[in-house]
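Comments concern the structure below.
Remember, predicted model here, so these are calculated numbers, not experimental data. Below, chains carry the letters A, B, ... as their sequence lines are ordered, and counting in each starts from 1.
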There are 4 protein chains.
Amino acid sequence: MFKCDGFRRRRKAERPAEILEAAFDAFAARGYAATRLEDVAARAGVTKGTIYLYFSTKEKLFEEMVRSHSAGLLADADAILGRIEGASANRLRGFLRFLYGRCVTDRRGREILRFMIADGKSFPHLVAEHYRDFVLPLLGMVSGLVDQGVAAGEFRADLPRETVRVVIAPTLFLSVIRLIFGDAPPVDEEAYVDAHIELAMTGLLAAPT
Amino acid sequence: MFKCDGFRRRRKAERPAEILEAAFDAFAARGYAATRLEDVAARAGVTKGTIYLYFSTKEKLFEEMVRSHSAGLLADADAILGRIEGASANRLRGFLRFLYGRCVTDRRGREILRFMIADGKSFPHLVAEHYRDFVLPLLGMVSGLVDQGVAAGEFRADLPRETVRVVIAPTLFLSVIRLIFGDAPPVDEEAYVDAHIELAMTGLLAAPT
Amino acid sequence: MFKCDGFRRRRKAERPAEILEAAFDAFAARGYAATRLEDVAARAGVTKGTIYLYFSTKEKLFEEMVRSHSAGLLADADAILGRIEGASANRLRGFLRFLYGRCVTDRRGREILRFMIADGKSFPHLVAEHYRDFVLPLLGMVSGLVDQGVAAGEFRADLPRETVRVVIAPTLFLSVIRLIFGDAPPVDEEAYVDAHIELAMTGLLAAPT
Amino acid sequence: MFKCDGFRRRRKAERPAEILEAAFDAFAARGYAATRLEDVAARAGVTKGTIYLYFSTKEKLFEEMVRSHSAGLLADADAILGRIEGASANRLRGFLRFLYGRCVTDRRGREILRFMIADGKSFPHLVAEHYRDFVLPLLGMVSGLVDQGVAAGEFRADLPRETVRVVIAPTLFLSVIRLIFGDAPPVDEEAYVDAHIELAMTGLLAAPT
DNA sequence: GATGAATGAGACTTCATTCAT
DNA sequence: TATGAATGAAGTCTCATTCAT
């Protein structure tokens, strides 16, 4: 009920973040419409009223939550890209594995995808944002990698348009599988990732002459 | 308001189907939780009470709707499989195109996927059913095609496990894209399908020796 | 579905009575407000619509039912009165036992009492009727018996006013007990009836001088 | 609409009691099934939603209401018993008058009886509770009084079993009369009570030798 | 006469939002 | 800042009543 001052001050500053975290869990668990603000409040350890001190409506809370959790998704992709060295094939391999970690294994990435699919129609602005700030840049990076490989003669020169999307598509498949089946998916994930990378590479690489 | 002769009899027999159809549209549009039975009723051209003559609860209506719309999904896959002739590569190509038509272009297939992702947690039984009755059989068909190709020496013999899932993954990607972006997806779908099939084939085919 | 003509004709004539009987059971089981016309219909072996052929509303059905079931209650009381012979004390004894049979043991009498208590406020006319057609005549009969006994010197001459009501009160007590506890009441009914008659007689009889 | 200082605090503490009071009035007026929560809310001066802050369902509200109103019924019976002095006959007289006040004149006692009769079937647990916590103890008290009188030689030694129930039965009769006919019962209540006590005493007392 | 599909008002219940403290 | 009591609109579900067949 009453807490020492330092603690309290610290809490105050972190409240919004705590609420957003709780909102993520709550909305991920039941979906936007079925989630009660009271659920969020309980998870955050506050009361309903407190949420309204920081977020004007349930919609805004949801939007802010999605934004805050999307924010980091792309953060270190660039860094990773810089760190992975070697031939294009190798860099692409590394980047795909990074994607699996980011968007599949990491719950955050997955659930954001669920929000887009489940509630995107009610939040078109959010979808547009997500596409602009996350999907497009990501596609750009992979495109860069592939183009580089093509330029270097590593990859086939006659790759059809949209190949890039096809290359990353299997990562999304695994995300969806996890979204649907939870943490016990009916897929051998390691074997799947290996198969994906193997197949993609075989498909991309220029035939050894 | 005014009913002509025979109208009533026809209606009685077709009501459930009409309601299920309306339910599909309504639930697809707003998700399970956000859809009001009144929406469904209005779309079906009946009143709320009428729905309860055929479905005992909103949950049951949803379940029946998903079932009735899943039902046909697999029906002609088998037929198609029998109709496509030629080499394994060709048969697989044909089957993948069939999948695109069935699960991506056709709204039914897509929206079922949305229900699984958005509301599967609330209907675990439905998810299990869908996996058993739709996903597994489908995977089996593709597996058969691939195995046949391998046996015939058309496809590489050293294909990693889970390759089959990787091969069909891109179809699901396009489904998801449509689910999120509607009927104006930021993807050139024809090019995408071509790229997918091209890439998959290159990856699968045994290197010409 | 289709019945031989004679049967059908017979049924038609008896329908209203059958429905009233079903209504009695249904209303007695759950009370007026909680009983659905569908319950009544099911018990009567007809459909809801049929009820409306004979009774214009649920209220009217209830009223008719109460009336029809009250009707017989008093019928043979007079006859009984005429049949019981002997001294006034003996006649009163006999009449009280008759009352126990009529209003307590017989489900009809009991449930009518329940309707009066539970739903009388919604059917004041019914209450008035019941009082006029059943309670008052009954009280009159008992009064007659007691007066006769007093006149004959059998009963005390200084009986207070309202003694008659006190004398029959214990029969109603047993009715209520049955209404509340069903057919396994926490009372030894035979002993109770004996005690009642014994006590009443002791209280009424003139002290032997 | 506008709230003065401290108003709120007081309200919070008293709300449940206020609601229970309103519920008593509402349920007594129309019966459990026919009473709308809105009626209760209006009587309590709150809105429907507020009721659910304190009671999870209509059923629970009803049960709590019956319990809270049964609670006091037995409280001072014991005290009364201690206070009344004199011979057993006198003590019994006093106790019967107390019963009339408590269970007949006092609306609380009466309406609880109505709930038992009208809705007991839907709340069997409540009936059992009421019997255990109210009826049995009360019977015990009267039994004690009578036994005492017998032991003292005041009352007849050969009283039949169940006499006790017969002795208090007429109080219940008056309760029922009031339940059915409201506050203008077709009985001269004072005369009735006198007649009851007179008759009971005459029946119980040992013949003066 | 009998049916039962259909209606629609109204019940219970939930929950986003407000606001006095 | 934080609370949580209170609101009231809205949702699911029920059921008396109607009416075409």
Between atom [atom1] in [X] and atom [atom2] in [N], what is the gap in whole Å?
X: C:K60; N: F:dA16; atom1: NZ; atom2: P; answer: 17 Å
X: A:Y54; N: E:dT17; atom1: OH; atom2: P; answer: 18 Å
X: C:E59; N: F:dC15; atom1: CD; atom2: P; answer: 17 Å
X: A:E14; N: F:dA2; atom1: CD; atom2: P; answer: 12 Å
X: B:I51; N: E:dA5; atom1: CD1; atom2: P; answer: 16 Å
X: C:L61; N: F:dT17; atom1: CG; atom2: P; answer: 10 Å
X: A:E18; N: F:dT1; atom1: CD; atom2: C1'; answer: 14 Å

message: Heavy atoms within less than 4.0 Å of DNA chain E: which residues of residues 19-38 of chain D have one? Give them sorted by number.
response: D:T35, D:R36, D:L37
Of the candidate nucleotides [options], which contains the atom at the shortest distance from the side chain of [X]?
X: D:T50; options: E:dT7, F:dT1, F:dA6; value: F:dA6
X: C:L53; options: F:dA16, E:dT13, E:dA2; value: E:dA2
X: A:K58; options: F:dG8, E:dT3, E:dA16; value: E:dA16

- prompt: Taking C-beta and beyond as the side chain, do C:R114 and C:D119 meet within less than 4.5 Å on heavy atoms?
  reply: no
- prompt: salt bridge (Lys or Arg N to Asp or Glu O under 4.0 Å): which pairs involve residues 53-62 of chain B, sequence neighbours left out?
  reply: none
statement: Those stems involving DNA chain E that have three or more consecutive Watson-Crick or G-U pairs, both distances under 3.5 Å, are E:2-21 with F:2-21
- request: Sequence neighbours left out, what passes ring-ring contact (aromatic ring centres under 6.0 Å, His included) with D:F123? Give chain and number order.
  value: D:Y32, D:F62
message: Pick the closest DNA chain F nucleotide for C:Y52 and for B:Y52 by heavy atoms, then say which residue is nearer the 5' end.
response: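 Upstream on the strand: B:Y52.
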query: With respect to B:V66, which candidate in B:M116, B:E129, B:H130 satisfies the side-chain contact (heavy atoms from CB on, under 4.5 Å) definition?
result: B:M116
- prompt: Does a side-chain N-to-carboxylate-O contact under 4.0 Å join C:E21 and C:R107?
  reply: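 C:R107 and C:E21: not salt-bridged.
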- prompt: Would you say B:K121's side chain and A:G182's backbone share a donor-acceptor pair under 3.5 angstrom?
  reply: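 A pair under 3.5 Å: no.
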Return a table of donor-acceptor pairs under 3.5 angstrom between the side chains of residues 35-44 of chain B and protein atoms on other chains or two or more places apart.
from	atom 1	to	atom 2	distance (Å)
B:T35	OG1	B:A26	O	3.2
B:T35	OG1	B:G31	O	2.6
B:R36	NH2	B:D39	OD1	2.8
B:D39	OD2	B:R36	N	3.2

- request: Report yes if a side-chain nitrogen or oxygen of A:K48 is closer than 4.0 Å to either non-bridging phosphate oxygen (OP1 or OP2) of F:dG4; otherwise report no.
  value: no
D:E64: partners by side-chain contact (heavy atoms from CB on, under 4.5 Å), with sequence neighbours left out: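 D:L20, D:F55, D:R67.
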task: Look up atom CD in C:E63 and atom OG in C:S68, then write down how far apart they are to the nearest 0.5 Å.
output: 12.0 Å
